[in-house]
Structures are given as structure tokens and as C-alpha cells.
Protein chains: 4
Amino acid sequence: MARPRSEDKRNAILAAATDVFAERGLGAATSAISAAAGVAEGTLFTYFRTKDDLLNALYREIKLGLADAMMSDFPRKKSVRDRLAHVWTRYVRWGVANPKAHRVLQQIEVAGALTEESKLAGLAPFVEIQAMAESAIAQRTVQDLPLPFIAATMRALAEMTMGFVRQHPDDAELYERSGFEMLWAGLTRKR
Amino acid sequence: MARPRSEDKRNAILAAATDVFAERGLGAATSAISAAAGVAEGTLFTYFRTKDDLLNALYREIKLGLADAMMSDFPRKKSVRDRLAHVWTRYVRWGVANPKAHRVLQQIEVAGALTEESKLAGLAPFVEIQAMAESAIAQRTVQDLPLPFIAATMRALAEMTMGFVRQHPDDAELYERSGFEMLWAGLTRKR
Amino acid sequence: MARPRSEDKRNAILAAATDVFAERGLGAATSAISAAAGVAEGTLFTYFRTKDDLLNALYREIKLGLADAMMSDFPRKKSVRDRLAHVWTRYVRWGVANPKAHRVLQQIEVAGALTEESKLAGLAPFVEIQAMAESAIAQRTVQDLPLPFIAATMRALAEMTMGFVRQHPDDAELYERSGFEMLWAGLTRKR
Amino acid sequence: MARPRSEDKRNAILAAATDVFAERGLGAATSAISAAAGVAEGTLFTYFRTKDDLLNALYREIKLGLADAMMSDFPRKKSVRDRLAHVWTRYVRWGVANPKAHRVLQQIEVAGALTEESKLAGLAPFVEIQAMAESAIAQRTVQDLPLPFIAATMRALAEMTMGFVRQHPDDAELYERSGFEMLWAGLTRKR
DNA sequence: GATGAATGAGTCTTCATTCAT
DNA sequence: GATGAATGAAGACTCATTCAT
């Protein structure tokens, strides 16, 4: 029955990859990652067949963590505004609290190493947000715009907001709130 | 200085770099770029001392082109809304018309290879936009928010919009307009 | 010694090694062999201490099979020509019927991984052939040449013949006979 | 015009490859070859794109040298027997004088790394031998057998003979002559 | 200045072998 | 004994940069 593959080691590698990639970019050597994870160079490849595999797994892992952060305690019963605010706040705070993961996420997305499968897997956890947006449109609170457009808007503003909160932690609340108000103003029907 | 450096060659290299980096990522080999530019491998290094230098120069070059696209014919005399719409439209259209340059710009920004100098140089051409925003705040059309925050908001929404226009060219106008309206609604004071 | 080593497993590994080495060369990974044999990677090493050990064992195994094919039903009582023809035919047919084993044999011999011990062991089963040759020389049917030279001649011609039979199975008989006649003509005293 | 590729370096690499492969097998590291050739590791790859390319080039190079050795001073006007003896002797002596090249040739042929192109190129220099054999058959000196079969016979016997000459240099002449007589007896029509 | 051969450190990945389970 | 995860030394090949021509 040999030694079973260790979840701990897998996680250590993913964590190390996050650190190393965040600091040196995706071009960082796999050997740096295995070293940071405290495993042998070869071990990395028993958990992830190739560097690209590692990248894809890391992407999913981070996305999953993000989804969890955003959707836990989701106030299903509250108003559209409250629900959107919940998601917004959680997203921004996650990005501020996990700058490395956030940075790596961006790099992976822009690098073009993701499989279609991973892209889909990364999207999956966010269906509930879409559902919320859909119902909001239906009740005419939010303008009639394509859902992906709305989602992308939120994301774009949230990412931007994170940057400001990171740079000016003292004004965190200001930026967090201002960002949200801009989003809300942009999305809702006028008057 | 027998033969002077050729502006043509420099441009050929920058253009080739845009193509190659856009297609293969910043990890692409300099030899691929020199080949695409039709010059020898060594020649690239007489125009740019290192690969990082090339990256920085490319960044500035693209930013300059972008600034030019945005600010030419700038309607200094018109309303804040008109001026903002001008900038918005130009930005979005530039991104749609120059997907490779846009893609490379993003990669460079996210990769962390930029010198402070380059970052500043990249910002410079956009001072006029800032000025516009400043005056708009002063006259209380736009909310009293930090200028960089406003600029970043515009950028974030514009980049997102580009993506949609690229994917749905037939609805270009819809996305372009919707994006702008969201920006405007977000920035202006609520009555 | 709770569980005794299984002869089956050993054989499975040797058979798998024949297949894998024949197809991918001696550089093939031991893990490919264990996989093909349906055993764990580590198991291979309980049956053969090192890859070189496996190679040597495989060599002997194949040689043994070959000797068996050649010497079974050996017509001890018949004429020199009949006995030589028997050996010739059996050798050629074995090579045609076992192309992988034959191929691996050649690779091992040419690769220089054999111990002296294995070389000797590989020769052993062929003593009877030598004996036959010796007596043939004594009775002056065959020219007075060093025995190993005679053996090598037969082998060289037989291996060559195998190749032709493999490539032109329809002319198998022609090549088999022609080859033998050449051998016989070459070995016997000219009148 | 930069430094031109040096024929010397190319030859040094090929010579080093012959040595190293002969001693350690085709699995030998390219770094061992570049070191033996006195060039940097990378340099090997500017002359041969891959290890397989090197193998193929080496094969052609050796075959060319062999053909040259065999066919120079070819006695076109003499009898079939003399011409065959010429080729035979040259071949055997080449193999004895160039044991490393000969060994490497065998390894490459058995390893299955040759392109069809290389195989053809390796055959080309030997057309004259075929022509000779053809005419010999026509004049009914040699038995009517497929040409490739005849060629292969000569080769098989010659290679075997080389081995004996190498092991017993003092009896070189004996083996050389005996081998040839066997070949001649085998090929010619009886009576 | 232009060229491209030369360099060798660095990359990802493989693999024989060991050893915890 | 069987298993397969762990190991780390190689290995083939790449690439930014230098420099002879």
C-alpha cells in the first residue's frame, strides 16, 4: 500500500508556488518552488505532471478559495443591494488579505496557459452570483445588461479598489465604500 | 557612428516584440523577436541593452501610442461629459484596434519588470486627463474622489469594455455606450 | 519469506522487458517495464537488483530459449549436413518467430552491459553445436577452421537470413535454403 | 559577417561523439561529447539541432568514410573475383582500423534512431558495389540471388571476420583470407 | 554598425533506486 | 513481499548576452 500521496505535501507545493510566482513571476523555476515547499525537485512532479499542470491546479485552488470567501454567509434573503454589497466586500477584502494569491491569479489569467477545462472550473463557483444578478435584473432593480458584462464590471471595479486599499490601508473603508457606490450607481436604473 | 542607428530597425524590433510577446508571452526568446524583425540576434542588443530594457522601451512606446490616440482632437472647449466621452471612446477603440499592443501592455504591467522611471514616463501623457478631472471636481460635476481613483476607475471599466467589444464586434456600440454610462453614473454626484 | 517470490511475476517482468526494450530501446524506463508487467515499480527491484541485472538475466533467458529451440529434436544420428541444417533452420525460424527477443538480444550484445559471467552462460547451451562441428572437422567434411569462426559464420549468415525472411515472408523458403547452401558451400572442403 | 561556422569544430564534435559513443554507448551525455570536443555544451547544438540529428550526421559521416575506404582504387577492369576481393579486404581492414567508428555504426543501426533519409544517404555510396554484383550475376559467375541478399551476405561475413582479426591480430591474414574464400564459395555457382 | 557563432548557467523533466507503509 | 511516493542526480536543450569577424 506504499506511502499514500500526502494532501499536506500537495498543499505545501501549492502554497510555495503562490509565494514564489507572486514574487518572481510565472517564469520562476520549479526548483525554487520545491525548495520553498521543502520537498525534493522530483516530488513536485509526482503531484503535478508538468509546470503547466501546476499552474492550472493553482488557478483552480485559488479560485475555489476566492469563491468560498465570497459566498460564505451569503445573505440570500436580503435585498439585492445587500447581497451585492456582501459579494463586493468579500471580494475586495479577499484580494487585500491575499495579495499574493490575487497577483498570481492575474498573472495566470493573462499568461494564456489555462486549459478550457480550468477556465470552466474557475467559473463554476460563481454561478450563484450570476443567479443573483439575474433576479435583480428581472425585478428591474438593475439595468438590462448582459450578465457577463455586469459580472465583469464588478470584477473590474473591485480589482481596482483592492489596489487602492492595499496602498492606503488607512482609507480602506473609504475606498471600499466609494467603489461599491460607483458600482451600484452604474448598475441601477437611473431615477 | 559610421552608420547611425536606424530608426527603422528600432521600430521593426519594437513591432516584432509586440507580435511575439502577444503570441508567446513575455517569456518569448529575444531570438524570436530579432528573427521576426528581420535583424540579427546581436543587433537587437545594440538597440536595447537587455531584454528588460526592451520591455521598458516597448511599454513606453505603446503607452505613447495610446496617449496619442486618446488625446488627439481632444475637445478642450466642450463639456466635462463630452471630454470624458472622447477619452473613453478613444481608449476603448484603441484597445480594440490594437489587441496585441494592449495584451502586451497588460502583461508587462503585471510582470513587475518595469522601472519606476518607465512607470512615470507611462503616466506622463495622461496628465491632461487628470487636469480635466480636477477641474470637473472643482466645478462639482464629478464627486470628490482622489484623482488616481477616478482615473483607475475609467481604466478598469474601459479595459473590461474592450474585451466585450472584441468578443462581440456587432454590439460594439452597445458596449461602448453602456460602459460609458456606467462610468458617468458612477462618477457624477447623485442629485 | 512469508510470501515466496513468484515465478509468474519474474516471468511477467522478463516478458514485459522484452516488449518494452524491443520497442523503445534499452534506454526505456524500468517503470515502463513494471507497468507493462502489471507490477509495482518497486517490485521489479525485488526480482532484479538493478537494471543491469535485469538486462543480464534477460539475456540469459533469451539465449536459453534460443538454445532450446535450436537443440530440441537434434538429430544426433544423422549426417553432418543434416545436423547443421537442423540447427540452421531452427535458428532462423526462431529469429523470425521471436523478432522482439531477437532484437533485444542484439541490442544487449552491442550495448556492452553484459558481465563476463553472462557471456559465458549465454554460450553454454551451444556446446553441443561445437561438438558437432569438431567431429565434422575431424572427419574432414568441414574445413579446418577455428571452431568459433565456424560458429560465428553460421550465426552471421543466419541473422542476415532472418532479416530477409522477415521482410519477405512469402519467399521464406528461398532465403532459408539459399542461406544454408551458402553456409554449406563456404564451410565444406572444395573437392 | 560574424564568425562563420567552423568545419573544424563540426569535425571535432563528430570525432568526439565517435569516441564517447563507442565507449559509453549511445546513451552517453551530450555534455560528455562537447567536453571531449573542447567546445561549450551549447555549441554542440548550433552544429546539430538535437542529439538525434547528431546521430544521423555521424552515421552518414562514418558511412561516407567507409565507402571511401572501400571504393578508392577500385579495380574496375579486373575480374569479378578481384573486384570482390578488393571490396572485402578494404571493408575488413577499415573495420579493424576504425573499431570505434565501426562499433558506433552498429549501435546506431540497431538503435532505430535513423531517419529514412539517412538510411538512403548511407546506402548511396555503395551503388557501385551493387553494379559490380549485378554484372557478375549477368555473366553467370555469381549465383542468381537477389542483390541485397548478396550484399548482406558480404557484410555479415565481413563484420564477423573483423571481430576475429581484432581479437587475433597475428592471424589477421588467415581470417581475412578464410572469410573471403567462404564468401566466394558461397556466392559462386558450383562446379 | 551588423552579424551570428559561442558560451554556460539555468530549465523542466526523467529515472533508477530506496524505503515508509 | 508488494506497493508507489520520495529522492536528487543527470540529461537534453534553451537563451540572454558577448564578441570575433
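Computation of the quantities below employed the complete heavy-atom set of this structure, encompassing side-chain atoms and omitting hydrogens, waters and symmetry-equivalent molecules. Proteins come first, then strands; the chains are lettered A, B, ... in the order of their sequence lines, and each starts at number 1. Being a predicted model, the structure only gives us computed values, none of them experimental.
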Exercise for the section: Check every strand shown and say whether D/Y47 touches a base, only sugar-phosphate, or nothing at a heavy-atom separation below 4.0 Å. Expected result: sugar-phosphate
Exercise for the section: Give one of base, sugar-phosphate or nothing for C/A28, where a contact means two heavy atoms less than 4.0 Å apart. Expected result: sugar-phosphate
Any side-chain N or O of [X] under 4.0 Å from OP1/OP2 of [N]?
| X | N | value |
| --- | --- | --- |
| A/S6 | F/dA5 | no |
| B/T46 | E/dA2 | yes |
| C/K9 | F/dA2 | yes |
| A/T43 | F/dT7 | yes |

Practice task
Look at the side chain of A/Y47 and the backbone N and O of A/S6, then say whether any donor-acceptor pair between them is shorter than 3.5 Å.
Solution key: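 Pair found, side chain donor or acceptor close to backbone of A/S6.
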Problem - Closest-nucleotide 5' rank along DNA chain F - winner of A/A40 and C/G42 - result: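 Checking each residue's closest nucleotide, the 5'-ward one belongs to C/G42.
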Please report, rounded to the nearest Å, how far the [atom2] atom of [N] is from the [atom1] atom of [X].
| X | N | atom1 | atom2 | result |
| --- | --- | --- | --- | --- |
| B/L55 | F/dA16 | CG | C1' | 13 Å |
| A/I13 | F/dA6 | CD1 | C1' | 11 Å |
| B/R10 | E/dG1 | CZ | P | 15 Å |
| B/R49 | F/dT17 | CZ | P | 9 Å |
| C/F45 | F/dA6 | CZ | C1' | 14 Å |
| C/L44 | E/dA16 | CG | P | 9 Å |
| D/D53 | F/dT14 | CG | P | 11 Å |
| C/L54 | E/dC15 | CG | C1' | 14 Å |

Practice task
Report the distance from atom OH of D/Y59 to atom CG of D/L64, rounding to the nearest 0.5 Å.
Solution key: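 Between D/Y59 OH and D/L64 CG, I get 11.0 Å after rounding to 0.5 Å.
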Practice task
Report yes or no: do C/T115 and C/S118 form a side-chain donor-acceptor pair below 3.5 Å?
Solution key: yes
Exercise for the section: State the pairing partner of F/dT17; accept Watson-Crick or G-U wobble contacts with both distances under 3.5 Å, and report none otherwise. Expected result: E/dA6
Exercise for the section: Any strand is fair game: report the nucleotide pairing with F/dG11 by Watson-Crick or G-U wobble, both distances under 3.5 Å, or none. Expected result: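 Result: E/dC12.
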Exercise for the section: Take D/V39 and A/G27, find for each the nucleotide of DNA chain E with the closest heavy atom, and name the residue whose nucleotide sits nearer the 5' end. Expected result: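 The answer here is D/V39.
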Problem - Pair D/K119 + D/E109, salt bridge at N-O below 4.0 Å - result: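 Salt bridge absent between D/K119 and D/E109.
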Out of [options], which has the shortest distance to the side chain of [X]?
| X | options | answer |
| --- | --- | --- |
| B/T30 | F/dA16, E/dA2, E/dT17 | F/dA16 |
| B/K51 | F/dT17, E/dA2, E/dT7 | F/dT17 |
| D/R3 | F/dA6, F/dT21, F/dG11 | F/dT21 |
| B/A29 | F/dA2, F/dC15, F/dT17 | F/dC15 |

Practice task
Flag the pair C/F21 / C/R103 as yes when at least one side-chain heavy-atom distance between them is below 4.5 Å, and no otherwise.
Solution key: no
Handout entry: Donor-acceptor pair present, D/E41 side chain and F/dC13 base, under 3.5 Å
Key = yes
Practice task
Give every residue pair that meets the side-chain hydrogen bond (donor to acceptor under 3.5 Å, both in side chains) criterion with at least one member in residues 26-35 of chain C, sequence neighbours excluded.
Solution key: none
